[in-house]
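Labels below follow one simple rule: chain letters A, B, ... track the order of the sequence lines, proteins then strands, and each chain is numbered from 1.
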Amino acid sequence: MIRVDAAEWRSTIAGFHGSGCTLFGFLTGVDRGDSVEIIGRVAHPESIEAHLISTTIPAGGTLPSLNDLYLGASWHERETGEMFGITFAGLTDARPLLRRAQQGSPPLLKSSVLVARVVREWPGAAEASDDGRRGGNPSRRRQRPAGVPEGFMQDEADGRSAIGGT
Amino acid sequence: MIPDEAHGVIGLQPSACTSCMICVRECPTWCIELESHTEEVSEPGARRPKTINVLDAFRIDFGLCMYCGICVDLCPFDALAWSPGFDHAASSAGGLVHGINELVNWWPATNPSPAD
Amino acid sequence: MISLALMEVAERRTPERAYRVAGAPALRIVVLDVGLACCALEVGAAITAGLLVPDVAGPGVPKGIDATVLLISGTVTDALAPGVLRAWDAIDGARHAVSFGACANTGGPYWDAPTVTKGIDQLLPVTVYVPGCPPRPEALIAGLLRLVDETATA
């Protein structure tokens with residue numbers, strides 16, 4: 001994988017495009033905490049030549065769009081933009097694909113708590129020693145379901161400001 | 001022709017289940033519910049009675065189940081197994097939830113009882 | 001492709017891809033497949049296995065059909081839900097919705113996703129739910145025959 005600065009993202013990929021890698025593979029993001037890593041793949045349509053290119057931008061940051069070079073990049077940039085909360089400057093159609101406009105926080109950021117996991121009672125919280133009592137044995141530290149951070153369980157503290165989506 | 005090993009439904013052997021909750025906690029769709037209580041049993045020769053879990057209810061919501069088989073794979077006591085049944089459509093979403101009575105019947109005939 | 005299939009059902013009102021259930025004499029039904037994800041492959045398998053028979057009458061709902069079945073096989077997102085509803089509204093006469101697979105039943109593997117509809121029964125009345133992820137082609141036919149039974153006795 002080729003790692004480049006955000007300033008060289010477009011020029012690097014444009015260089016590959018110019019040398020014959022006109023096939024757009026995919027583009028996606030990875031939440032790195034304070035930053036988002038963007039990874040793209042372009043390939044030569046008639047050879048095995050292919051390149052994975054990666055860059056890192058601050059959370060909520062901006063990257064120049066590739067959709068004038070590769071039409072196929074539009075879909076991926078729309079999706080990555082709405083799922084990771086970043087902007088692709090120059091993207092002709094940036095309408096959200098799956099999310100309603102401005103609803104919650106971007107779902108693929110790790111800080112987005114899936115509200116369904118908080119609202120639904122986790123069946124795994126039950127213990128045999130609860131002896132059928134709902135809410136269970138208060139002396140025991142409750143097990144927590146995967147994907148629900150501390151402080152988000154029904155019987156825990158209030159603060160649920162990070163809940164994303166619906 | 002449906003092969004015996006087809007992943008149609010999941011059968012339960014209640015006598016093998018120790019109510020350890022591993023299947024419930026590892027299920028990605030939270031589709032398993034288990035209710036149990038503890039009982040003390042005295043064994044001859046033992047100093048104190050030992051505490052065992054007794055299974056009261058076991059339900060799988062096949063409307064939610066993603067048929068991943070993690071519960072079957074992870075059960076330390078082989079109390080869960082795949083069964084090839086397929087004719088389990090229901091006229092309500094609640095009709096896809098099945099308890100011990102149905103799950104016992106779906107214990108595959110090809111599987112020896114783990115309790116044996 | 002997904003939206004094309006939906007458009008076909010929703011806009012033309014006379015879908016070309018309609019199927020009958022082999023061996024269901026009690027009630028003649030036409031199945032409109034709304035294939036949205038991997039479950040649609042099992043519907044395809046049911047067709048190649050001869051369990052679902054392509055309707056020879058061509059476009060439009062043929063005469064002598066008692067009911068039209070909207071078969072939702074796959075994941076319905078909130079973004080796509082209006083399209084499914086349009087397909088449902090476009091059916092003339094007696095109609096039933098069959099929910100095929102975990103996604104259509106409850107959201108299934110995407111039960112916690114903020115973008116997925118948690119069961120199509122939030123959108124429209126479902127007559128029969130077929131469990132599975134995905135259900136086998138045989139499960140589809142069993143579900144359709146159950147629908148035939150239930151509607152025949154109703």
Side-chain angles (χ1 to χ4, degrees), chain B residues 1-12 23-33 58-74 80-108 110, chain C residues 21 37-39 42 45-46 49 51 69 71-73 75 96-113 116-151 153-154:
Chain B
M1 279 299 290
I2 297 174
D4 287 343
E5 60 270 27
H7 290 188
V9 282
I10 292 166
L12 171 75
C23 55
V24 180
R25 290 180 182 143
E26 297 301 322
C27 174
T29 62
W30 299 10
C31 78
I32 307 176
E33 284 186 357
F58 192 104
R59 289 180 292 272
I60 300 180
D61 184 347
F62 286 96
L64 266 171
C65 176
M66 58 187 270
Y67 290 69
C68 64
I70 286 175
C71 55
V72 176
D73 287 351
L74 288 183
L80 293 165
W82 283 109
S83 188
F86 63 89
D87 188 3
H88 301 297
S91 53
S92 72
L96 300 177
V97 181
H98 296 286
I100 291 180
N101 291 344
E102 291 95 355
L103 299 177
V104 165
N105 288 333
W106 295 341
W107 185 257
T110 50
Chain C
V21 184
C38 22
C39 275
E42 301 297 323
L51 301 170
V69 174
L71 177 65
I72 294 107
S73 50
T75 317
H96 293 282
V98 169
S99 174
F100 185 72
C103 285
N105 288 339
T106 63
Y110 309 107
W111 70 273
D112 57 358
V116 173
T117 305
K118 311 300 183 289
I120 56 153
D121 53 8
Q122 296 191 353
L123 304 172
L124 44 89
V126 172
T127 310
V128 167
Y129 300 78
V130 182
C133 191
R136 301 182 66 88
E138 292 87 349
L140 168 62
I141 302 310
L144 290 173
L145 292 180
R146 174 177 291 255
L147 180 138
V148 168
D149 283 348
E150 286 193 2
T151 47
T153 53

**Student:** Can you check whether B:W106 reaches B:I10 side chain to side chain, under 4.5 Å on heavy atoms?
**Tutor:** no
**Student:** Contact between C:I72 and C:S99 at the side-chain level, heavy atoms closer than 4.5 Å - yes or no?
**Tutor:** no
**Student:** Just so I know, are the side chains of C:Y110 and C:T75 near enough to count as touching, which here means a heavy-atom distance under 4.5 Å?
**Tutor:** yes
**Student:** So, do B:W82 and B:Y67 sit near enough that their side-chain heavy atoms are less than 4.5 Å apart?
**Tutor:** yes
**Student:** Heavy-atom pairs under 4.5 Å with chain C are the metric here; pick the option from B:I2, B:V9, B:D87 that has the most.
**Tutor:** B:I2
**Student:** Backbone N or O of C:G108 within a donor-acceptor pair of the C:T106 side chain at under 3.5 Å?
**Tutor:** yes
**Student:** Let's test your reading of the structure: which of C:G132, C:G143, C:P134, C:A104 forms the most heavy-atom pairs below 4.5 Å with chain B?
**Tutor:** C:G132
**Student:** Less than 4.5 Å to any heavy atom of chain C: does that hold for the side chain of B:L96, its backbone, both, or neither?
**Tutor:** side chain
**Student:** What part of C:V130 gets closer than 4.5 Å to chain B, counting heavy atoms only: side chain, backbone, both or neither?
**Tutor:** both
**Student:** What part of C:P135 is in contact with chain B, defined as an atom under 4.5 angstrom from a non-hydrogen atom: side chain, backbone, both or neither?
**Tutor:** neither
